[in-house]
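Ligands are counted one by one from 1 in listed order, and the atoms in each one are counted from 1 as well.
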Amino acid sequence: MSRRTPLVTVMVNAAYKAARDLIRDFGEVENLQVSQKGPADFVSAADHRAEKTLVAELGRARPRFGFLLEEGGAIAGEDSSNRWVVDPLDGTTNFLHGLPHFAISIGLERDGKPYAGVIYDPVRDELFWAENGAGAFLNNQRLRVSARRALPTALLATALPFVARPRCPNHGAIVHRLAGETSGVRRSGSAALDLAYVAAGRIDGFWGYALAPWDLAAGVAIVREAGGIVTDVTGGPDAMASGDVLVTNGHLHGLLREALARRDD
Ligand code: IPD
Ligand code: CA
Ligand code: CA
């Protein structure tokens with residue numbers, strides 16, 4: 001059983017409050033699909049509204065902490081050790097198209113390192129959370145990464161870059177190759193949920209390039225508490241700084257690092 005700490009309770013309450021508006025707005029998006037104007041402006045407003053709610057709730061509970069916000073940027077706090085890293089809506093494109101796969105992601109960095117995380121999927125009412133040393137949970141159930149050790153049985157996920165990235169010119173070829181060597185490669189459109197799913201053992205490994213701190217902060221804390229490993233794609237420790245990440249159940253880390261390094265030409 002889980003015992004949520006006061007810190008996690010603050011994060012969960014903020015996520016639940018922002019989710020109420022998001023879910024209502026998501027219902028509205030379906031109606032807007034058929035309108036001339038389309039839902040893009042509406043979704044951007046929903047995104048900003050969710051962020052405003054999160055800042056208000058987190059700021060009220062911990063007034064000295066700083067913020068790194070996807071929409072609002074960095075806000076320094078009096079307490080320089082603690083910083084919220086927030087993505088109010090991860091999976092915007094899914095949301096915009098009425099595809100019910102998106103999440104609110106709230107990470108807490110302590111002294112520059114991921115310390116706690118909450119990822120809330122309001123459609124499925126799945127709350128993934130963790131705090132350093134306290135374990136990782138889905139709602140009230142303890143999370144553990146999968147035990148798979150061989151690529152042919154592994155299910156992977158990736159985040160396709162929106163534009164060709166010089167850091168990974170052959171991403172498409174790697175996806176193609178790994179799709180043939182594993183049980184498959186998914187592209188869900190929500191990196192936060194991809195990390196949560198590695199923690200839950202639903203996915204065995206995830207990699208992506210040029211991801212932002214707010215895509216990763218909460219998920220990194222959750223995966224590590226669930227027994228998984230997060231590095232950059234070369235196996236180095238600087239995953240958050242580069243945004244080029246490899247996230248696995250641990251057993252597959254070496255195999256996947258090698259697979260990503262292999263050239264296809
Ligand atoms: C995006 C999602 C997506 C990833 C992109 C992110 P957003 O976040 O996490 O899975 O591939 O790189 O930007 O824009 O929906 O918050
Ligand atoms: Ca995001
Ligand atoms: Ca976002």
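Considering backbone and side-chain atoms alike, A191 places an N or O below 3.5 Å from some N or O of ligand 1. Taking distance alone, with nitrogen or oxygen atoms compared against 3.5 Å, A192 stays at or beyond that limit from ligand 1.
Within E70, the N, O or S atom lying nearest to the Ca ion (ligand 3) carries the name OE1. Nearest N, O or S atom of D87 to the Ca ion (ligand 2): atom OD2. In D90, the N, O or S atom that comes nearest to the Ca ion (ligand 2) is OD1. For D215, the N/O/S atom at the shortest distance from the Ca ion (ligand 2) is named OD1.
Distance check, rounded to the nearest 0.5 Å: CZ of F206 to CG of L246 gives 9.5 Å. Atom CG of L256 and atom CG of L156 lie 5.5 Å apart (nearest 0.5 Å). Atom CZ of R4 is separated from atom CG of N13 by 8.5 Å, given to the nearest 0.5 angstrom.
In this structure, E71 and D47 have side chains that are in contact, with non-hydrogen atoms separated by less than 4.5 Å. Here the side chains of E181 and P152 are not in contact, with every heavy-atom distance at 4.5 Å or above.
Between Y120 and F128, a ring centre-to-centre spacing not shorter than 6.0 Å is recorded.
Cluster annotation: W84 is not connected to L211 through the hydrophobic network of ILVMFWY side chains, with a link wherever side-chain heavy atoms come within less than 4.5 Å.
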Item to complete: Please report the C-alpha distance between L252 and L151 in whole Å, then the side-chain angles of each, then the deciding distance to 0.1 Å, and finally whether the side-chain contact (heavy atoms from CB on, under 4.5 Å) criterion is met.
Response: CA-CA 7 Å; L252 291 165; L151 280 183; 4.2 Å; yes
Discussion item. The test is salt bridge (charged side-chain N to carboxylate O under 4.0 Å, His left out); show your working for R20 and E57 and say whether it passes.
Written reply: CA-CA 14 Å; R20 286 204 286 273; E57 291 299 306; over 6 Å; no
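Only the side chain of R187 comes within 4.0 Å of ligand 1, counting heavy atoms alone; its backbone N, CA, C and O stay farther away. With a heavy-atom cut-off of 4.0 Å, A212 does not touch ligand 1 at all. Here T93 has no heavy atoms under 4.0 Å from ligand 1, in either its backbone or its side chain.
Within the set L195, D90, L193, D194, the minimum heavy-atom distance to atom 8 (O) of ligand 1 is found for D90. Within the set A159, G189, G219, the minimum heavy-atom distance to atom 10 (O) of ligand 1 is found for G189.
Which parts of ligand 1 touch D87 is read off a 4.0 Å heavy-atom cut-off, strictly below it: atoms 16 (O). If you number the atoms of ligand 1 from 1 as listed, the ones under 4.0 Å from a heavy atom of T92 come out as 7 (P), 14 (O), 15 (O), 16 (O).
In summary, L89 places an N/O/S atom under 3.0 Å from the Ca ion (ligand 3), meeting the contact criterion.
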